[in-house]
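Positions are given from 1, in the same order as the sequence printed here. All values derive from a computational prediction rather than experimental measurement.
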Amino acid sequence: MIKNLLIPVFAVPLLFTVLSASAAYQTLDVNNPGFTYSPTADAIKFFDGNLTPQNPNSIQGYTEEAFGLVEDSLTFVKAADVADVSPSTFTSDTAFNYLTIHFGGSELFFYWDNAINSFSIADFKGVTSGADGNGGGISNYRAYSDGLSEVPLPAAGWLFGSALVGLMGLRRRAH
């Protein structure tokens with residue numbers, strides 16, 4: 001009787017380990033990821049699993065997890081379903097440096113050091129069997145910014161100007 005109970009006790013943790021390891025973030029070579037894209041990213045991650053739900057808040061969390069970022073460190077910029085854009089291009093009025101693409105039952109995560117406004121992908125079939133190339137299989141795009149790559153020039157100007165005024169004030173006091 002005890003022997004029969006030991007099998008399920010040891011099988012449950014083993015099953016959990018196998019299931020949790022079945023889908024993981026894989027780093028792709030930015031110069032040869034298995035598809036053509038532009039502009040060249042600084043990092044690309046691939047997740048061979050269906051992340052749900054596909055709302056921008058959930059995808060933000062997955063993107064932060066993929067790149068090892070602090071929770072809620074990204075700002076949502078734009079979402080687009082393929083019905084709203086060309087399957088092979090994505091453009092945003094606001095710059096972004098993280099982009100997540102959902103296709104079939106998988107995700108692609110992109111990161112750029114310098115924020116971009118436009119992205120294109122082609123020959124997509126190299127990523128997974130079943131995708132038909134030129135953006136085939138893409139369901140949606142989700143774009144985010146970490147805010148670090150963009151320094152608004154007017155704000156930098158005000159900061160520099162106020163520092164100069166402060167230094168001039170200290171100089172006058174010294175005389």
Side-chain angles (χ1 to χ4, degrees), residues 7-92 94-113 115-116 118-149:
I7 293 171
V9 169
F10 289 114
V12 170
L14 179 62
L15 179 62
F16 178 74
T17 303
V18 169
L19 289 176
S20 63
S22 63
Y25 298 102
Q26 300 169 22
T27 301
L28 300 181
D29 180 349
V30 296
N31 296 312
N32 190 18
F35 51 88
T36 305
Y37 72 103
S38 179
T40 301
D42 292 294
I44 304 173
K45 303 282 184 166
F46 171 70
F47 186 86
D48 189 14
N50 197 16
L51 297 175
T52 56
Q54 280 291 309
N55 63 58
N57 288 339
S58 296
I59 297 302
Q60 175 180 330
Y62 298 132
T63 304
E64 291 164 344
E65 181 182 325
F67 291 105
L69 303 173
V70 175
E71 186 177 339
D72 293 329
S73 62
L74 296 179
T75 302
F76 173 68
V77 172
K78 182 178 179 180
D81 293 325
V82 172
D84 301 326
V85 297
S86 162
S88 59
T89 61
F90 175 80
T91 303
S92 172
T94 305
F96 58 92
N97 55 343
Y98 289 88
L99 179 66
T100 303
I101 301 174
H102 179 72
F103 64 97
S106 302
E107 302 284 332
L108 280 170
F109 300 89
F110 294 85
Y111 166 72
W112 293 268
D113 284 335
I116 63 170
S118 183
F119 174 83
S120 64
I121 190 167
D123 302 323
F124 193 65
K125 60 187 170 203
V127 178
T128 182
S129 60
D132 60 6
N134 295 327
I138 294 176
S139 300
N140 60 58
Y141 295 90
R142 307 289 187 247
Y144 304 90
S145 172
D146 62 12
L148 299 177
S149 61

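- Relative orientation of the F109 and F67 rings is perpendicular, given thresholds of 30° and 60° on the angle between their planes.
- Considering all non-hydrogen atoms of both residues, L108 and F46 come closest at CD2-CD1, 3.9 Å.
- Within the 4.5 Å cutoff, side-chain heavy atoms of K45 are placed close to those of T27.
- One finds the CG atom of D29 at 8.0 Å from the CD1 atom of I44 (value rounded to the nearest 0.5 Å).
- Once rounded to the nearest 0.5 Å, the distance linking OG of S106 with CG of N50 reads 8.0 Å.
- Across all non-hydrogen atoms, the minimal contact from P33 to L28 is O-CD1, 4.1 Å.
- Residues satisfying the side chain to side chain donor-acceptor pair (under 3.5 Å) test with Q60, not counting sequence neighbours, are E64.
- Aromatic pair Y141/F96: ring centres not closer than 6.0 Å.
- Applying the salt bridge (charged side-chain N to carboxylate O under 4.0 Å, His left out) rule to D42 yields no partners; only residues at least two apart in sequence or on another chain are considered.
- When all heavy atoms are compared, the tightest approach of N55 to S58 is OD1-N, 2.7 Å.
- Under the 4.5 Å side-chain criterion, counting only non-hydrogen atoms from C-beta, V30 is not in contact with Y111.
- Listed for the R142 side chain is a donor-acceptor partner under 3.5 Å among the backbone atoms of Q54.
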Inset, instruction - Would you check, one step at a time, whether the test side-chain contact (heavy atoms from CB on, under 4.5 Å) holds for I138 with I121? - result: CA-CA 10 Å; I138 294 176; I121 190 167; 3.7 Å; yes
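- Here the shortest heavy-atom pairing between A115 and A95 reads CB-CB, 3.6 Å.
- Across all non-hydrogen atoms, the minimal contact from F47 to L51 is CE2-CD2, 3.3 Å.
- With Y98 as the partner, the side-chain contact (heavy atoms from CB on, under 4.5 Å) test is satisfied by one option alone out of V77, T63, T75, I59: T63.
- Remark: the backbone N or O of S73 is not paired with any side-chain donor or acceptor of Y144 at under 3.5 angstrom.
- F110 and F119 have their aromatic ring centers within a separation under 6.0 angstrom.
- The main-chain N or O of D146 is found under 3.5 Å from a side-chain atom of N97 such that the two form a donor-acceptor pair.
- When all heavy atoms of P56 and F76 are compared, the pair lying nearest together is CB-CE1, 3.5 Å.
- Annotation: side chain of I101 is not in contact with side chain of F90 (no heavy-atom distance under 4.5 Å).
- The structure places CD of Q26 at 6.5 Å from CG of D48, a figure rounded to the nearest 0.5 Å.
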